[in-house]
Each structure stands twice: as structure tokens, then as C-alpha cells.
S.K.: 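One structure coming up, written as C-alpha cells, with questions to follow.
Keep in mind that the numbers below use all heavy atoms, side chains included, and drop hydrogens, waters and symmetry copies.
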Amino acid sequence: MIYDFSQIEPKWQKFWQEKGIFRAKMDYTRKKFYCLEMFPYPSGRIHMGHVRNYTIGDVVARYKRICGFNVLHPMGFDAFGQPAENAAIKNNSDPKDWTYKCMDWMKVELKRMGFSYDWERELATCDPEYYRFNQWIFLKMMERGLAYKKASSVNWCPSCETTLANEEVIYGGCWRCHTPVLQKDLEQWYLKITQYQDALLEDLAQLKHWSDRVIAMQYNWIGRSSGVEIYFRLENSDTIIPVFTTRADTIFGATYIVLAPEHKIIEKIKDKILNIKEVSGYIENAKKKTRLERIEKDKSGIELKGIKSVNPVNNEIIPVFIADYVLMEYGTGAIMAVPTHDQRDFIFAKEHNLPMRIVIQPGLDDESILSVDSMTEAHEGIGYLVNSGQFDGSRNYPAKEKIAQWMEKKSIGKITTNWRLKDWLISRQRYWGTPIPVIYCLKCGVVGVPYEDLPVKLPEKIKITGEGGSPLSKVEEFTNVKCPKCKGHARRETDTMATFIDSSWYFLRFCSPRFSEAPFDKNEAAYWMPVDQYIGGIEHAILHLLYSRFYTKFLKDLGLASVDEPFNKLLTQGMVLKDGEVMSKSKGNIVDPDGIIKKYGADTLRLFILFAAPPETELEWNDTAIDGSFKFLMRVWRLLEKADDKAPSLELLRRLHSTIKKVTEDMEGGFKFNTAISSIMELVNEIYKADAANKDVLKALVILLSPFVPHIAEEMWHSLGEKESVTCASWPEFNPEFLKLDKAALVIQINGKVRDKIEVEVDIGKELLKDLVLSREIVKKWLEGKPIKNFVVVPNKLVNIVI
RNA sequence: GGGCAAGUGGUGGAAUGGCAUACACGAAGGACUUAAAAUCCUUUGGCUGUAAGGUCGUGAGGGUUCGACUCCCUCCUUGCCCACCA
């Protein structure tokens, strides 16, 4: 009887599907468990990253199911996006055809892995029945002022010919193609995620089962900082320039102010700027620079000649500069410069030969006194205030609050909170996405498409060239519409939504994927949500999770969702590496899962991936080590030949029950699959050693194995005489009676070093133990009459004699 | 510059205050075989020793403790995230 996985695996996959074992139904009498893995983008074939992600998820789902939970474990496709469009341009084909072909391929591969999905809940975000609710939610946001159109300077990728959200700009480049991003003035749709900034930040505290790493990433991204907006007036004018600072304690040291080149005030005061030509030149130049260039360059800048400002705390007349190191998108787009206590200002002041004044002395004794002439860098640390009027002598950090309050009282400043998080730009000049459901009418203005007209369907079979902006703008029958209000001539919006929208609520849709009246059925979602265990890559730690949290909060406010946070536990799995590097086509180090399945079967692949490393850490692919996983399964398989009804030895039962205990603890305490599997391997070794494979012991072994390697487990389960699926069995409980021992192997240490071992009765008294230990020959030799300073006993574990 | 991880045999990794290297992979030797594969058995951190044993050893240095891979402090290295964020 050989282990023929190629016959076994399809057989049970078919069996599970025909019996509908993984179909999920709402049942208030049972405890639910919603297990979700981040759904894939249909790029063609599944890769090892997918296999790892979905194997981890499948083990969780199968384990919870066998523990008696009512498990929801769905799968679908994040089907809109640019690769499909690019493929269409390249092959002169249709994005829809390409996408559906890819999904079909991937589905075959996912099924071949034996994942326990409820395929009846499958969804694809490019399906009009799905994206109509992207539009539905968008209209609800529009009604509440959360979706709005705004003209502004936006991130523009010249290669993709589309706008990008701040979140999609990675180190000055496009997140997709890494092309340096430019700034462009455009009218675009935004979602007001900032409406939820407080909740998004505060509710992070609820997410006790998320890693510190992800929490920190979200926290930093939202980026709340409290400080003061200080009003600097221009000399001989009523014009006020507000400036944001977190360092109000340094205000008396502000010796000039600096504006971002894009600052609106410049246009208003340009007649008074004496060197306007040079200033305009500088601004033009700054606009042309990519963000990367602005960051890398030294601190360039130019003074606005003829313009002076007034420091409101001491009425000092100070110069005004523009410089591209000041960012328009953060704070007020203007800063007060304190060169003595801010390193960037220090460099700038040195370069432009600007005045400095020390307002914080690190210590008041002679050696630590700073002087402007001898300073080589800014003093950003703590100290005592000087040159600061009535605040002289206070410690600078406690003075911060006092100064802020004083400024507020004098109406020269306002205590404010500044956020790094900006509203979400969602307009994309692309075809393969959700059309934004808006119509522009000359008479009525911006009009939302009426709900009964949804979905606004993407026109099919259109020509996509990849040139000249939005493909939809060239489709006359799409753009040319009647105004829903006045029935007059109107034009349809031709931009599509960012694809992160699609994945921001799919977990809710999975609760009732065929529901047609709303994005999802309230009651179903109330039962299944939140997702109990979410599993995916760390690359989605910021954007996808933040947007999903935002959508969930909005949908709760709409009265649809029942939870504040969508994902209770989050597991971010590590990447799969080959030769220390991430697998990628360009590096040519791809291992194709399909080839592995053909050679070893899905169970071996699953086992190797789970055994080789804990789920969160990186996994180094090893072509020879996978052989070991295969051999282990064959070794398990051969146990069938040994199956008998002889009573198992007490020793074997002990091992069985300690394995049950260990595996259960590993599953409950953070999914330590690698150590769970290694303890099962020890059990198998023990059965071989005992050379007696009692059927009940084997059945327990098979159940323990079933979440990891479901096909071989199912086959063995039936071979052992069972008729139902092993997935319907119940998880074994360990019997503590078997774990009790009457003898304990004690380690004898002398001065903390192991010198001897002794077997004694469990819970032996200290005095009796001491006599026993001291009578040992080895112990006597080491002691050699030296006095014992201390005799430490750790019950049933060790003794340590200190001499 | 800020934040979060991590650093253990030839390799993946185990041990979260109590026998460092479980479980595997690889390697070496042996059994079975005409042979190979498969399977089974033995060995496998360094140094030292015929052996018993001794001794060193978890990135480096200090500390706490009867006892530290584990806790604390300082530093080094690597990975990831953010970053002229005022």
C-alpha cells in the first residue's frame, strides 16, 4: 500500500465539496469563528507567498472547525487594478477577459491545495454586483460630506498617467512603478478619512491582538502631534501668517520665518516683493523637482526682499524666506525658524548667514554655557530658558505648556493638534476600476447618480491604449448622459476609484455575498463580524488596514455594521525567501508551487511551509528539506500497516497525552505550528519505538494531523474504519492523569553547573532529598568537605548546591 | 534622524528564569541489496583527552540572581516601516 497522494488528494477534495462540509450558515446556537486571509489579486498563478498565507489560514480554520466552532472561511478576488489594464495594452486584449482567465487558473490551484473555503461565497470586486456597492457607499459618503471634490496640487505619476494618494507615494516614487512622482494641479475626489482620525488613533488601543509593529506603523501614519499655531503678522500690514510648532518653548529664539514655495500668501503679496523675479524662478524650479530631489538637496532657499515679519512675543522685525524644505502639506506650510534649537534651521541659517539667539541653556554652570559663536550644531535637548522674558529660568519642557497658554490668552497663538493623515484622494484616470457615480450638469452642478440607476457599469470591449489620460473619457455613449435632476444635457465623471476601495469592505460582503439591497445583510454581518483572525502580509499594515478600519467605522455610523473595528486578531506572515532573497521573477529565484504539488502533493507542501519556520518570521525555501516532510508523511502512512487493537503501553499513552497538550497549547497560544508539528513527529517516533500501533492512538494522531495535512488524514481516518469526515470529528482532550509521574529526574547543580542527575519520588521532602543528594559519590567528590552556603531546591526539577 | 523586530550548531529552528541546541535538514559511518533507491541503526557545537571526564560556548561588554539565550543597562550588526513632519 503506497502513499499515492495524486490519487488521494483529488478524491477528498471532491468529497469535501460534494458534502458541502465547508459551507457556512448563520446559527445563533453555535459560537462563530470568522477566519479570513487577504484575498489575492488575480495576477495569473499563485506563488509561494499565497501558498504560505492560505495554508496558515486553512490550518486555523480547520482547527477551529474541529474544535466545534461555526467557521466562516471565504475566498475571493481583488480583481480591479492596473496590471490587468497593462496586460490589455500589451496584448491588445480585454482586461475583463484577462482577469477572469487568471481567476480561473488561480481557483484551480487553490482547490488543489485542499483549502477549506466556502466557495459558494466567492466574490470578485470587478463584478458589477460587487462594485455597485462601492458606488452605493460613495453616494452615502457624498450625502454626508465625506466624499468631496477639491482642486489641489496632487501627486502625479507620469508613467502610470494617474494621480496617487499620499499613501501610494513611497520615498518620492510611485508605489507601483517607482517612477518619481510630480505635483500637478487637478480637480479630484477625496474621501474625508480625517473625520475619523481621532477614532482611528484611539481605537488602536482596542486591538490587543495586533503586533506592536503594526500598531506603531498605524500610529505613526496617523501622526498626531500637539503644538501651537502662532500668528506672525507681516510688517506694515494686516496679513497674518500662521505657523505650526511643537516647540513653543523656543518662540523667543525665532529669528526668521520660512514659507513653502507653494504657499498661497506669496501670490497675494507679490507686488511688494522686491526680488520677485528671482523668487518666481525659485518657485518654478521647486515645482519641477521631484519629492526625492527636494529631500536630498541641501537646504536651499531665498529671502523675500521688502517683506518683513513680526515675532509676536517680542515684536522683533525678522526676515521672511521661502525654501523647499518646508512642506506645504504639513502644518500650515510655514515655519518659525529657531536655528539654535533646530538642526534644519541651524544649517539654513549658517548657509544664509542669518542671526541666531540662544534661548535654552543646557546647564547654568560655566562649562556647559553655550554661545552662538562656538555652536557647531543646534541644541535640541533640554535645559533652562534664557532671553525669554518672564519665562527665563524655567525648564524648557514644562514651560512649553505655560507659553502656549500665555500666547492663547494674548491672542497671538492657538493650541492645536496637527495630523499627518490627509484626506484620501481616490480619483484615478484609469479604466479597470469602479466608475465614480457622479454626473456633471451645467445647470445643477455635481449630481450623484440615483441609487436605482446603480451600478454605473464599465463599458466593455473598449480600446485601451495607455496614452492620453482616462480611457473612459473617449467613450461617447458613456460620458454623454442626461442630468438625473433636470434631464438636461450632462456629462458623466470618467475617473474610476482607487482599488484600495474594493478591499476596504470585502470582509463585510463575505457575510452575505449575494445580498442585493445593500452592501451586506445587517443581521448576517452582526453574527459573523468581526473577523476573528485576519492573516496577510506586512505590506498591507498601513494602507489596507487603515482604509478598512475607516470604512468599518463609517458603515457603523450608517447603521449597517455592528463593530468599531473589523479585525480582532491579526497575523502578519513572513515572506518566503530563496537563497536569502525574496522570490521574484527578476531575480529568477521563483519556486513554482504547482511543480512541488506534482512531485510531492499538497500535504507535503503544506507541512513543509508550516514546519520550517513560525508563521510570522521569514521562511527560507529549501529544496532538500521538503523531502524530509514527504518522508515524514510516508512514515505516518506506514503506521496503517501496524494498526492493531493491542492495548497501548502506559509510556505511549503518556506521550500521546503530552502531545495533545502541547499541540493544543501551540494552537491556542499564537499558532506555533512548527513546534506543534515537531511534537507530533516525536509521537510518531514513539509509536515506531513501541512497535505497537493501537487504533485509538492512531485515530487521535490523525485528528491532530488533520488541520495541517488534511488529505492524508482523511484517507487514514477512513482506513481506520471511520465513515464520517475527519473534519467532523472532535479535537482530543488530554487527560492530566497520564501526565502525572511518580518519579522525577532531578538535575544536581553545584554552583550552577550540572554535575549529576538523580531519580527520586515526586514531591520528595527537602531534608530527605538533601540526604539523598549529599550521599552521591559525584557530589561528595565536588564538595570535598567545603561548607555548603546554600541548598536551592526547585521541586521535581533541580537542586543547586552553592559552596 | 525616529519607531518596531531580530542576532543560538554546517542549515531551518527549539528552549521566556532552572539539563542550551528539542524536532528536522545536511554530513559521516554501518545494516539490508548483485547494485541502486527506499528503509533501519549509530555519530554529529568548539577545544582537550585512549576513555571517563574536563573546559569554553546563545552578537560584544557590564549588571541583577543560588542560577541568565531568557530580566535590566550600554554598545555593535541585520531586517522592516516612517522620515527635511516644524
S.K.: Taking atom types as they are modelled, would you say the side chain of A:Asn790 forms a donor-acceptor pair with the base of B:C66 within the 3.5 Å cutoff?
M.R.: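 Checked by distance alone, the answer is no.
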
S.K.: For B:G1, what is the paired nucleotide under Watson-Crick or G-U wobble rules, both distances under 3.5 Å?
M.R.: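 In the structure as shown, B:G1 has B:C82 as its Watson-Crick or wobble partner.
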
S.K.: Using a cut-off of less than 4.0 Å, is there contact between a side-chain N or O of A:Arg638 and OP1 or OP2 of B:A38?
M.R.: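 Result: no.
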
S.K.: Counting only side-chain nitrogens and oxygens, does A:Lys753 get under 4.0 Å of the OP1 or OP2 atom of B:C56?
M.R.: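 Result: yes.
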
S.K.: Looking at A:Asn674, I'd like to know whether one of its side-chain N or O atoms comes within less than 4.0 Å of OP1 or OP2 on B:A14.
M.R.: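 So the side chain of A:Asn674 is within the cut-off, an N or O lying under 4.0 Å from OP1 or OP2 of B:A14.
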
S.K.: Quick check on RNA chain B: between A:Arg635 and A:Glu620, whose nearest nucleotide comes earlier from the 5' end?
M.R.: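 Taking each residue's closest nucleotide, the earlier one in sequence belongs to A:Glu620.
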
S.K.: Hey, are A:Asp342 and A:Arg247 close enough for a salt bridge, meaning a charged N less than 4.0 Å from a carboxylate O?
M.R.: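 Between A:Arg247 and A:Asp342 there is no salt bridge, as every charged N stays at least 4.0 Å from the carboxylate O atoms.
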
S.K.: With hydrogens left out and only the distance checked, is there a donor-acceptor pair under 3.5 Å joining A:Lys757's side chain and the base of B:C19?
M.R.: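 For A:Lys757, whose side chain was compared with the base of B:C19, there is a donor-acceptor pair (under 3.5 Å).
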
S.K.: Going by purine N1 to pyrimidine N3 plus the second Watson-Crick contact, or the G-U wobble pair, all under 3.5 Å, which nucleotide sits opposite B:C71?
M.R.: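 Partner of B:C71: B:G63.
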
S.K.: Compute the centroid of each ring, for A:Phe321 and then for A:Tyr256, and state whether the two points are separated by less than 6.0 Å.
M.R.: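 Ring-ring flag for A:Phe321/A:Tyr256: true, centres closer than 6.0 Å.
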
S.K.: In Watson-Crick or G-U wobble terms, both distances under 3.5 Å, what is the partner of B:U21?
M.R.: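 In the structure as shown, B:U21 has no Watson-Crick or wobble partner.
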
S.K.: Taking only Lys NZ, Arg NE, NH1 and NH2, and the carboxylate oxygens of Asp or Glu, determine whether A:Arg357 and A:Glu316 approach each other closer than 4.0 Å.
M.R.: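 Answer for the salt bridge query: yes.
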
S.K.: With a 4.0 Å cut-off on N to O distance, would you call A:Lys781 and A:Glu777 a salt bridge?
M.R.: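 So A:Lys781 does not pair with A:Glu777 through a salt bridge.
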
S.K.: Write down the partner of B:A52 under the Watson-Crick or G-U wobble criteria, each distance required to be under 3.5 Å.
M.R.: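 In the structure as shown, B:A52 has no Watson-Crick or wobble partner.
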
S.K.: Can you tell me the pairing partner of B:G7 across any strand shown, Watson-Crick or G-U wobble, with both distances under 3.5 angstrom?
M.R.: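 By the stated definition (distances under 3.5 Å), B:C76 pairs with B:G7.
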
S.K.: Going by purine N1 to pyrimidine N3 plus the second Watson-Crick contact, or the G-U wobble pair, all under 3.5 Å, which nucleotide sits opposite B:G26?
M.R.: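 In the structure as shown, B:G26 has B:U44 as its Watson-Crick or wobble partner.
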
S.K.: Could you pick out which residue, A:Val747 or A:Ile335, lies toward the 5' side of RNA chain B when each is mapped onto its nearest nucleotide?
M.R.: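 Taking each residue's closest nucleotide, the earlier one in sequence belongs to A:Val747.
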
S.K.: Is the distance between the ring centroids of A:Phe348 and A:Tyr325 under 6.0 Å?
M.R.: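 Distance test on ring centres: under 6.0 Å, yes.
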
S.K.: Please determine if a side-chain N or O atom of A:Arg755 lies less than 4.0 Å away from the OP1 or OP2 oxygen of B:G53.
M.R.: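 For A:Arg755, the contact criterion (side-chain N or O under 4.0 Å from OP1 or OP2 of B:G53) is not met.
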
S.K.: Determine which nucleotide pairs with B:A31, using a 3.5 Å limit on both distances of a Watson-Crick or G-U wobble pair.
M.R.: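 B:U39 - that is the nucleotide pairing with B:A31, both distances being under 3.5 Å.
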
S.K.: When you measure from the side-chain N and O atoms of A:Arg213 to the phosphate of B:G79, is any distance below 4.0 Å, counting only OP1 and OP2?
M.R.: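 No.
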
S.K.: Pick one for B:G57: is it syn, with its angle within 90° of 0, or anti?
M.R.: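 Anti conformation here, the glycosidic angle of B:G57 being more than 90° from 0.
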
